[in-house]
Amino acid sequence: MPRIAEELQKLLPGVGRYTAGAIASISYGQATGVVDGNVIRVLCRLRCIGANSGSPAVADKLWDLANHLVDPERPGDFNQAMMELGATVCTPKKPRCTECPLQSQCRAYEKVEADLTSAAANLTNRNPDPKSAAGDIEECDLAHGSCTLCLPSSDHWDRSLGVTNFPRKSAKKASRVEQTLTCVWQRRGQEEEPEYLLVQRPSSGLLAGMWEFPSMLLENKLTEKDGGLALGNYLQEVTGHVVPLNKLQYVGEVVHIFSHIHQTYLVYFLSTSRIEAVTINEELSECPASRWVSRNQFLEAAVSTAMKKILKLCERNNSSSNSTPGKRKRDGSVLQPPGRRIKIETENQRSIQSFFKPTNRK
């Protein structure tokens with residue numbers, strides 16, 4: 001197990017700069033800082049950093065500050081104290097400045113006090129002391145028009161906000177709107193238990209390497225019929241098997257919000273017989289990125305929350321279809337209830353303890 005932040009970040013997939021710094025300082029005593037949302041807020045107020053806290057220049061400055069300030073004797077305790085200070089005292093909206101142990105060193109608080117002194121002087125027609133005005137961060141190149149850390153000239157100081165003028169964030173971008181066709185393909189496995197077809201996502205990009213029901217992103221909106229045709233063609237490409245389109249049933253929509261994507265899944269359901277399932281299984285044996293799983297295996301697999309929502313929608317639809325007789329067409333076949341937009345609540349996230357089993361000691 002690596003013991004310094006640089007090696008932790010380099011050698012362990014998924015471990016970023018913050019996680020590496022936290023592990024190295026708390027577990028192994030390395031004198032390295034950490035920067036999370038709470039620490040960003042504390043440092044930006046301490047040093048009056050008013051530029052966008054998400055910009056590369058500000059991020060680098062914050063990491064430099066964190067590494068410079070960390071206590072070399074007790075780095076883990078110091079880092080945890082900085083995070084706790086931001087979480088409980090130097091909070092986003094209602095900071096408790098009168099209780100803050102760093103009040104005397106906080107340039108944002110100094111700026112607020114100077115602003116109040118100036119306002120009081122104006123009310124009493126006295127000239128404010130020019131020395132009382134607190135500027136932004138001391139290593140400031142604003143006089144040369146090149147400061148990347150101070151409040152932008154277009155972003156004025158808001159007296160009503162006080163220290164919560166810091167930190168500043170860029171305006172949040174609107175989520176990208178996408179639609180995806182998804183097929184829950186079910187077959188009967190051994191002992192007649194339902195099994196579902198999963199395919200693996202690409203090794204890079206959104207949800208990289210995770211498993212999902214066969215899905216295809218739509219470039220343009222399609223009707224229910226055209227969506228079924230497009231999905232049938234895609235399933236044929238994935239499995240090498242002609243899909244019985246007459247069995248492809250539209251179920252409804254599932255909406256899932258990613259951090260930057262508003263995703264709507266148009267969900268179809270396909271149930272095949274045991275004979276068809278055997279044929280499909282033979283076709284899939286040469287396709288390592290596809291597999292059939294039982295329901296329990298699905299819940300244990302690396303699938304996204306969106307896929308669990310989709311399965312729940314199909315199970316709910318099948319349950320209502322079996323319990324409520326549908327209307328009959330003239331040819332005697334049953335007309336299934338129309339698909340509908342529905343919000344599905346997912347199962348509770350599994351705790352980390354559930355992944356570990358106690359050792360049976362002899």
Side-chain angles (χ1 to χ4, degrees), residues 179-202 206-218 227-228 230-256 263-323 336-337 339-340 342-350:
Q179 278 193 330
T180 296
L181 293 174
T182 300
C183 179
V184 178
W185 192 339
Q186 176 185 286
R187 74 173 188 183
R188 292 294 172 181
Q190 294 181 350
E191 300 180 0
E192 295 299 311
E193 290 295 322
E195 295 181 343
Y196 303 96
L197 176 63
L198 295 182
V199 296
Q200 192 170 28
R201 291 184 61 84
L206 181 69
L207 304 176
M210 297 188 74
W211 293 86
E212 66 180 4
F213 297 118
S215 303
M216 60 176 294
L217 182 66
L218 286 179
L231 189 56
N233 292 332
Y234 172 73
L235 290 170
Q236 184 172 347
E237 292 178 7
V238 172
T239 66
H241 184 83
V242 177
V243 177
L245 293 179
N246 61 320
K247 295 185 177 182
L248 196 61
Q249 175 194 350
Y250 177 70
V251 179
E253 297 181 2
V254 168
V255 177
H256 187 75
Q263 182 69 260
T264 300
Y265 293 92
L266 306 178
V267 183
Y268 290 76
F269 180 77
L270 175 64
S271 180
T272 55
S273 65
R274 293 189 64 182
I275 297 177
E276 292 171 315
V278 170
T279 305
I280 296 167
N281 186 53
E282 291 173 353
E283 296 285 352
L284 284 175
S285 62
E286 299 179 0
C287 185
S290 306
R291 59 176 176 153
W292 292 96
V293 297
S294 66
R295 187 180 188 280
N296 288 337
Q297 289 172 332
F298 170 84
L299 296 176
E300 295 289 334
V303 296
S304 67
T305 301
M307 293 300 111
K308 293 179 180 179
K309 288 183 180 181
I310 289 170
L311 180 61
K312 184 163 288 190
L313 171 64
C314 289
E315 289 178 339
R316 181 175 296 181
N317 181 77
N318 288 339
S319 176
S320 62
S321 298
N322 293 332
S323 60
Q336 298 292 349
R340 54 194 175 92
I342 187 168
K343 182 177 180 181
I344 300 296
E345 296 296 333
T346 58
E347 297 178 358
N348 293 332
Q349 182 73 24
R350 294 178 61 198

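These numbers come from a predicted model, not from an experiment.
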Could you please spell out the steps behind the side chain to side chain contact (heavy atoms under 4.5 Å, CB included) verdict for Val255 and Tyr265? CA-CA 6 Å; Val255 177; Tyr265 293 92; over 6 Å; no

Candidate pair Val251 and Leu313, rule side chain to side chain contact (heavy atoms under 4.5 Å, CB included), full reasoning: CA-CA 8 Å; Val251 179; Leu313 171 64; 3.8 Å; yes

Go through the steps to decide whether Gln200 and Met210 satisfy the test side chain to side chain contact (heavy atoms under 4.5 Å, CB included), and finish with yes or no. CA-CA 6 Å; Gln200 192 170 28; Met210 297 188 74; over 6 Å; no

Verdict with supporting geometry, Arg201 and Leu206, side chain to side chain contact (heavy atoms under 4.5 Å, CB included): CA-CA 9 Å; Arg201 291 184 61 84; Leu206 181 69; 4.2 Å; yes

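Residues Leu197 and Ser290 come closest through the heavy atom pair CD1-CB, 4.3 Å. In terms of heavy atoms, Ser271 sits closest to Lys247 at O-CD, 3.7 Å. In terms of heavy-atom proximity, Val243 sits nearest to Gln236 at CG2-N, 4.1 Å. Between Ala230 and Leu181 the shortest heavy-atom distance is CB-CD1, 4.1 Å. In plain terms, the two heavy atoms of Lys309 and Val254 that are nearest each other are CB-CG1, 3.7 Å.
A side-chain donor from one of Thr180 and Gln263 sits under 3.5 Å from a side-chain acceptor of the other.
One distance of note links CH2 of Trp185 with CG of Leu198; it measures 13.0 Å at 0.5 Å rounding. In this structure, SG in Cys314 is found 9.0 Å from CD in Gln186, a value given to the nearest 0.5 Å. With rounding to the nearest 0.5 angstrom, the CG atom of Asn318 is 7.0 Å from the CD atom of Gln249. For the atom pair Thr264 OG1 and Leu218 CG, the distance stands at 10.5 Å (nearest 0.5 Å). Separating the SG atom in Cys183 from the CG atom in Leu235 is a distance of 4.5 Å, to the nearest 0.5 Å.
Side-chain contact between Phe213 and Val199: absent, with no pair of heavy atoms (C-beta onward) separated by less than 4.5 Å. The closest side-chain heavy-atom distance from Val184 to Ile310 is below 4.5 Å. In this structure the side chain of Val267 never reaches within 4.5 angstrom of the side chain of Glu253, judged on heavy atoms. Looking at heavy atoms from C-beta onward, Arg295 lies in side-chain contact with Leu299 at the 4.5 angstrom threshold. Taking 4.5 Å as the limit, every side-chain heavy atom of Trp211 sits out of range of all side-chain heavy atoms of Met307. Looking at heavy atoms from C-beta onward, Leu270 lies in side-chain contact with Pro244 at the 4.5 angstrom threshold. Ser294 places none of its side-chain heavy atoms less than 4.5 Å from the side chain of Glu193. In this structure, the side chains of Val303 and Lys308 come closer than 4.5 Å at one or more pairs of heavy atoms.
Checked by atom type and distance alone, the side chain of Tyr234 pairs as donor or acceptor with a backbone atom of Ser215 at under 3.5 Å.
For the pair Arg188 and Glu195, the salt-bridge criterion is not met [side-chain N within less than 4.0 Å of a carboxylate O].
The six-membered or imidazole ring of Phe269 lies away from that of Tyr196, with a centre-to-centre distance of 6.0 Å or more.
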